[in-house]
There are 2 protein chains.
Amino acid sequence: MSDLPFAEHDHTHCASGGLIHADRLAEEKGLRLTPVRRAALEILLSGHRAMGAYEVLDHLKNKGFGSQPPVAYRALDFLVENGLAHRVQRLNAFAACTQPSKHHRPVFMICRDCEQVAEAEADEVQETLINVAARADFEIERVNVEILGLCPSCKVDPA
Amino acid sequence: MSDLPFAEHDHTHCASGGLIHADRLAEEKGLRLTPVRRAALEILLSGHRAMGAYEVLDHLKNKGFGSQPPVAYRALDFLVENGLAHRVQRLNAFAACTQPSKHHRPVFMICRDCEQVAEAEADEVQETLINVAARADFEIERVNVEILGLCPSCKVDPA
DNA sequence: GTATTACACGTTACACTATAACGTGTCGAA
DNA sequence: TTCGACACGTTATAGTGTAACGTGTAATAC
Ligand SMILES: [Zn+2]
Ligand SMILES: [Zn+2]
Ligand SMILES: [Zn+2]
Ligand SMILES: [Zn+2]
């Protein structure tokens, strides 16, 4: 996985790597990475972009799993809970985590043109958020940081 | 309006102040703050919390405006576009801006217990986001920064 | 003074997103 | 074996958001 979010990369590698990591994590932490959950992750990884729950559901259906919304939502919730995927609020969508090895609070960059989503590490952002919350005596549990704009490609060629 | 987001304050004052500011802004910038738009802002201000579009719509209906969803969504979109309100992604809700005098990129703190939303200035956060985007050659248009957790009250007394 | 254009705002109808509630099967602990 | 926890499937419904169209009004163009 590249550190440059929108850069080209070997996608088949990062997809299989994601599954391998998930398997290992499941074993280490005793998570129940059941068939439908693993399939949901595989779908997110192969799509390699933010996908809506119903889009994931379609794929799950095709693979012989349940066909009703809760099936997808529960699998996706599991993945998010365990750091294997993230929810992208702006798009009402889910994306496989591109850096699942560390528990992190990513920043998402969402291209409004091509709808690609990139996940960036940003400890510096998190530190400032901690300060903001501290000033208000607010206890942080989760954060959601999303940047909307134009990715490098679409910036040059607004097709 | 207090600088301490969750602190007590004179609400009737901040509500009427919000409307006055909106009127002035409309005149200065030639915005068309029509009756339904002004009413929507008034509703958000008087509720003094994040409200769903359908909740706003109910109030608009009661005031004699249209009763269908687009009426509310269009009015709310106008307010957001012009910095008079913000959208809170996490809650699928809208909140009147508490500091509409300056064009800003706020950070929201959302209490998961009482659902109160506080808006904080955080230039330091925005600066780090600019850096993150620059490293990815991403062009920022908007940002959404939301912190989920417990407000000072609910932290002490998890009712 | 009309014609044209832009836009606000109301409607109907629909699409998309998400959850509640319940029944069944499985598996490990008591 | 009996219980409790949980996963996962279902049906049904709730909640959120838009597309598309018609009307009125006001500013600009001719
Ligand atoms: Zn991640
Ligand atoms: Zn793009
Ligand atoms: Zn604001
Ligand atoms: Zn609270």
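Labels below follow one simple rule: chain letters A, B, ... track the order of the sequence lines, proteins then strands, and each chain is numbered from 1. As the structure is a computational prediction, the values presented were derived from the model and not from experiment.
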B:Q126 versus B:H104, side-chain donor and acceptor atoms under 3.5 Å: no

Which nucleotide in D:dC8, C:dT19, C:dT17 has an atom nearest any side-chain atom of A:N92: C:dT17

Separation of atom CD in A:Q89 from atom P in C:dT17, rounded to whole Å: 14 Å

Atom-to-atom span, CD of A:Q68 to P of C:dA20 - whole angstrom: 16 Å

B:L33 CG - C:dA8 C1' separation (whole Å): 13 Å

Selection from C:dA18, C:dG10, D:dG17 that lies nearest to any side-chain heavy atom of B:R74: C:dG10

Side-chain heavy-atom pair B:E146, A:V143 within 4.5 angstrom cut-off: no

Whole angstrom value for the distance that separates C1' of D:dG17 from CG of B:L57: 12 Å

Nearest-neighbour nucleotide for the B:Y54 side chain, D:dT16, C:dA8, D:dA7 considered: D:dT16

Any side-chain donor near an acceptor of the partner, B:T98 and B:E119, under 3.5 Å: yes

Sugar-phosphate, base or nothing in reach of A:V71, heavy atoms under 4.0 Å: base

Residue mapping more 5' on DNA chain C - nearest nucleotide basis, A:G52 or B:S67: B:S67

Rounded distance (Å) that lies between atom P of D:dT16 and atom CG of B:D58: 11 Å

Length of the line joining A:L60:CG and D:dA7:P, which is rounded to integer Å: 16 Å

Inter-residue atom distance A:I110.CD1 - A:Q89.CD, 0.5 Å rounding: 9.5 Å

Proximal nucleotide (of D:dT18, C:dC9, C:dT11) relative to the B:Y73 side chain: D:dT18

Any B:R32 side-chain N or O less than 4.0 Å from OP1/OP2 of C:dC7: no

Any donor-acceptor N or O pair under 3.5 Å, side chains B:N144, A:R90: yes

D:dG17 OP1/OP2 closer than 4.0 Å to side-chain N/O of B:R87: yes

d(CE, B:M51; C1', D:dG17) in whole Å: 17 Å

Distance in angstrom units between A:F65 CZ and D:dC8 C1', rounded: 11 Å

